[in-house]
Undergrad: 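Dropping a structure here in structure tokens format, bear with me for questions.
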Amino acid sequence: MTVPPAEIPGLVSLVGVDRALARLLKSRLRPVLAVETLDDQNSLFLHMEGGGLPVDAVVLGMALEEPVRVAQRIHVHDKHIPILILSRPADCDQLKRTLMFSPFLGNEVTPWPTDEPDGLPAILRQAAERRRLRIRYQNALSSAQIRLEKLPLLQPEASHYLDQLLDHAPIGVVTVDPAGAILTLNRQAQDTLRVAERGALGRLLGDLFPIAERQRLCALLTRCASHGPRPGPEVFEFHSANGTPRFVETGCTPLTYRTGQRGIMLIMQDVTDRIRAERERCRAEKELRLHATVLRGFHEISSDRSLTLEEKLNRLLKLGCEQFGLPIGILSQVNGDIFRVLDSVGGEGLFPVGGTRELRQTYCGGTVLSNEPVALEHAGASEWRDHPSYTRGGLEAYIGVRVQVENELYGTLCFASPSPRPKPFSSADREILKLMSQWVGSELRRERADAHMRKLSGALEQAADAVIITDRGRFIEYVNPAFETLTGYRKEEVIGQKTYFLRSGLHDDKFYDELWQVIGTGGVYRGVLINRKKDGSLYHEMKTISPLKDDQGRVTHFISTGHDITELVRAEEQDRLHRAELAHVARLSTLGEMTSGLAHELNQPLCAITTYAQTALRVLTGPDGSAERARYGLEQVVRQAELAGEIFRRLRHFARKGDMNRRRVCLKEVIQEVAGFIHADAQQSGVRVELAVARNLPRVLADPIQIEQVLLNLARNAMDAMAGVEEPRRQLLIKARRQGIRGVRMEIHDRGRGCPQEVADRLFEPFFTTKPDGLGIGLGISQSIIEAHNGRLWLEGNSDQGATFCFTLPGDEDQAHAIRSCD
Ligand code: ADP
């Protein structure tokens, strides 16, 4: 801002000053100050009273006899005119003291030693300038006072009140003259301009503005002073004491004083917060736009299905180079202290793909230790200047970040340049790099998962077992080629179906309910299923069905694997039949051996019969024949004969295979009959008998007498086994339940001491017994009977807490579609 030169120069009056000094002052002070030389004080007073040009300073020379008095008179006219009294150097101090204690003089009267004429022009210029400014200030004050006088609040407090108001107002108010010199300023304006009122008045406002802003302020004042439209407010940047920028919005209005003088009023308001908020918003907007651009770039790369992962990563490196303005981009894998380049762009072959380095020789050595990106703009001018990446690699700028895959360090993603980066990396750059690294991490994880899945699905495709994967709703999602081969169904036919089409009808609903109960509760089912192929034939499948769970442990799918064991089942059946045949033959062959034993056994009752019969005869024919004694003898005969008959019967059954009187039998009735038979024995031996017969027990095709024999035999054995245990424990439980659709399974539990292994191994051997009066043929015969019915008899549970014998009877094949239960 330039101040136009004053139209009228100021005036300095020299009174009684010698000519040489007057000449010097004239030549030095022009054109700023005009110099008037007067011979005596009277001429000066005439000038002042006559209303001549206002005098801006007076020099009283050595020619005057009483300069102090003259000064006093001048100050009567105007106490602000600066006066210099020339004095001999030796008298200066004395004169100073006189002036100090002169009641009519202010501090604008100064003694000046005559031996310092060269300093006089400058002092005069300053003094005159001070006076002119003071006059301006007085003008401003009087104009303000005049305006206040116009206010309705014409009270003495009004001006004070307004001053207070202005001083406490949060806005700065400054008035300047048309030249830009400050006339008034309130407290807030002083704070803003960082100047005290005393130092500010009369100064050019522009001088208090930062240098960079002065031109704009000058233009604003010029526009305001011109007759054109009023300029709008402008924001100027100041610096507060601590160096932080502050923003002041400055608006201005032209003023006209009562004297007709013009000026400008400036209103200055601190808008730092608003500007900061605006700048923050702009920065955030810019960042957001940047993020959006990068995200769009990511999206384009990741959604391009034509790109391989390698191509995608390479495109990402290029995107990063562009983004950060750095020519080199590297994706590395870090393994211990080895840094291996997975892919790179730029770098002119310095970072070949597959190339390795020692991790700590690279900037990435630090990066892997930090969760945040590491960035340096100018390594040579920072603490990084001794790092090998700079000293040997010559990399000036670098920004890098860790890459994690599944929460584990994988490597680094970094960008670098051999030249320093002119701009520091912003927080947005760091955020974008983090975003890139997360994207790389997730792409690598997906690739890993895909590779894993490819391996798994390859294995499933190659597997020899038939595999079915269903969703939670049990709809098939996948079957492998082995499934197609086994069942004859093609995958297109079964995907989206439930597995019901495989059911053979040989398992009841309960069977499937139990199966789903196991896997539905997260368990694994293992078992044999009889299923039906597409061509209608049946097959036995050894199946394992497991639930598949997600990360949260929720079941999402079921996977079933299985293989055909039909041949095995057949072979086992054959084997079983064969073994039964062998056992039968073995039993027959023992018949020969038995004969002698039987002869002996039968001999006993026969001898007894003979003896009893002879005795009875003798009694009947004798002289003292007693009917009582004869009856006893005959009864013994009958008993022994029955025993012999029993032995024969057992023998017959033992040897018999086939020859049965089969009919459809309700086993519930058979069980109840056996319970009746053993009732008395059980009571006598203190055994509690319990029956647990399932409802809907199917009728089986069997010889009821033989089944009765088996049950009786097993029940008697059970009661014998409990003879040695304490009475409360003696409990016999006979259970019957359905086996498959048409079969029945029987169980005879006792709570005896069980049988030791050496006994268990030989249970079914003919004549094996541990009982003193046992025959050792009961179990053998029972097994023979059950097998003759195509069933199976075996010892299932056996411990020192008791034994359980089980046998099964298969269903009636002819009645497959009309199963009738006994209920
Ligand atoms: P026996 O009539 O001689 O007992 P079995 O053939 O019926 O002949 O039984 C053979 C052997 O099997 C018995 O002597 C006994 O040792 C054992 N045994 C049979 N049933 C049981 C059982 N419920 N608990 C313990 N051992 C048993």
Side-chain angles (χ1 to χ4, degrees), residues 580 583-584 586-591 593-594 597-598 600-602 604-605 643-656 671 674-675 677-678 681-682 684-692 705-727 729-736 745-788 791-807:
H584 182 67
R587 276 195 290 278
L588 286 179
S589 69
T590 56
L591 265 181
E593 297 164 29
M594 275 173 68
L598 277 171
H600 170 69
E601 274 202 53
L602 283 172
Q604 274 184 1
L643 189 61
E646 166 83 352
I647 291 167
F648 274 115
R649 224 175 13 255
R650 282 190 197 174
L651 182 63
R652 202 175 67 232
H653 287 310
F654 175 70
R656 185 170 55 193
I671 294 164
V674 170
F677 285 160
I678 59 171
D681 267 4
Q684 216 171 13
S685 341
V687 175
R688 266 180 301 125
V689 180
E690 275 182 42
L691 306 181
I705 305 291
Q706 289 194 354
I707 301 302
E708 215 171 86
Q709 264 182 24
V710 172
L711 270 175
L712 264 175
N713 205 350
L714 296 175
R716 287 228 160 88
N717 278 348
M719 290 199 287
D720 289 349
M722 290 188 286
V725 300
E726 58 281 23
E727 211 177 305
R729 216 176 104 168
R730 294 179 201 160
Q731 186 190 344
L732 167 66
L733 171 63
I734 301 177
K735 273 165 97 174
R745 173 189 168 105
M746 304 281 303
E747 291 171 14
I748 291 85
H749 301 261
D750 66 58
R751 300 181 66 193
R753 302 233 179 269
C755 30
Q757 195 55 47
E758 62 277 13
V759 174
D761 288 342
R762 304 185 55 196
L763 286 175
F764 300 99
E765 267 183 42
F767 306 116
F768 173 78
T769 179
T770 57
K771 300 170 194 168
D773 56 347
L775 280 176
I777 58 172
L779 282 177
I781 287 173
S782 298
Q783 190 177 52
S784 168
I785 290 171
I786 295 302
E787 286 174 0
R792 204 152 73 80
L793 188 155
W794 71 101
L795 169 67
E796 182 163 285
N798 178 32
S799 71
D800 58 358
Q801 296 300 307
T804 300
F805 282 85
C806 297
F807 67 85

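In each ligand, atom 1 is the first atom listed, and ligand 1 is the first ligand listed. Since the model is a prediction, treat every value here as computed from it, not as a measurement.
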Undergrad: Who passes side-chain hydrogen bond (donor to acceptor under 3.5 Å, both in side chains) against Q731, sequence neighbours left out?
TA: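 Here the qualifying residues are E690, R751.
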Undergrad: Of all the heavy-atom pairs spanning G754 and N798, show the shortest one and how long it is.
TA: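 Looking at all heavy atoms of both residues, the shortest contact is CA-OD1, 3.4 Å.
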Undergrad: Can you confirm whether D750 sits close enough to T804 that some side-chain heavy atom of one is under 4.5 Å from a side-chain heavy atom of the other?
TA: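 The answer is no; the side chains never approach within 4.5 Å.
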Undergrad: Write out each pair where an N or O from ligand 1 and one from the protein are under 3.5 Å apart, with the distance.
TA:
residue: ligand 1; atom: 3 (O); partner: T769; partner atom: OG1; Å: 2.5
residue: ligand 1; atom: 3 (O); partner: L775; partner atom: N; Å: 3.4
residue: ligand 1; atom: 3 (O); partner: G776; partner atom: N; Å: 3.0
residue: ligand 1; atom: 4 (O); partner: K771; partner atom: NZ; Å: 2.7
residue: ligand 1; atom: 6 (O); partner: G778; partner atom: N; Å: 3.3
residue: ligand 1; atom: 6 (O); partner: L779; partner atom: N; Å: 2.9
residue: ligand 1; atom: 7 (O); partner: N717; partner atom: OD1; Å: 3.3
residue: ligand 1; atom: 7 (O); partner: N717; partner atom: ND2; Å: 2.9
residue: ligand 1; atom: 7 (O); partner: L779; partner atom: N; Å: 3.4
residue: ligand 1; atom: 8 (O); partner: G776; partner atom: N; Å: 3.4
residue: ligand 1; atom: 14 (O); partner: T769; partner atom: OG1; Å: 3.3
residue: ligand 1; atom: 14 (O); partner: T770; partner atom: N; Å: 2.8
residue: ligand 1; atom: 14 (O); partner: T770; partner atom: OG1; Å: 3.1
residue: ligand 1; atom: 16 (O); partner: T770; partner atom: OG1; Å: 2.4
residue: ligand 1; atom: 20 (N); partner: N717; partner atom: ND2; Å: 3.4
residue: ligand 1; atom: 23 (N); partner: D750; partner atom: OD2; Å: 2.9

Undergrad: Is any side-chain heavy atom of S685 closer than 4.5 Å to a side-chain heavy atom of M722?
TA: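 SC-SC contact between S685 and M722 ruled out.
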Undergrad: If the condition is salt bridge (Lys or Arg N to Asp or Glu O under 4.0 Å), which residues does R716 pass it with, not counting sequence neighbours?
TA: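 Counting only residues at least two positions away or on another chain, R716 forms a salt bridge (Lys or Arg N to Asp or Glu O under 4.0 Å) with D681.
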Undergrad: For R762, give me all partners under salt bridge (Lys or Arg N to Asp or Glu O under 4.0 Å), at least two apart in sequence or on another chain.
TA: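 Here the qualifying residues are E765.
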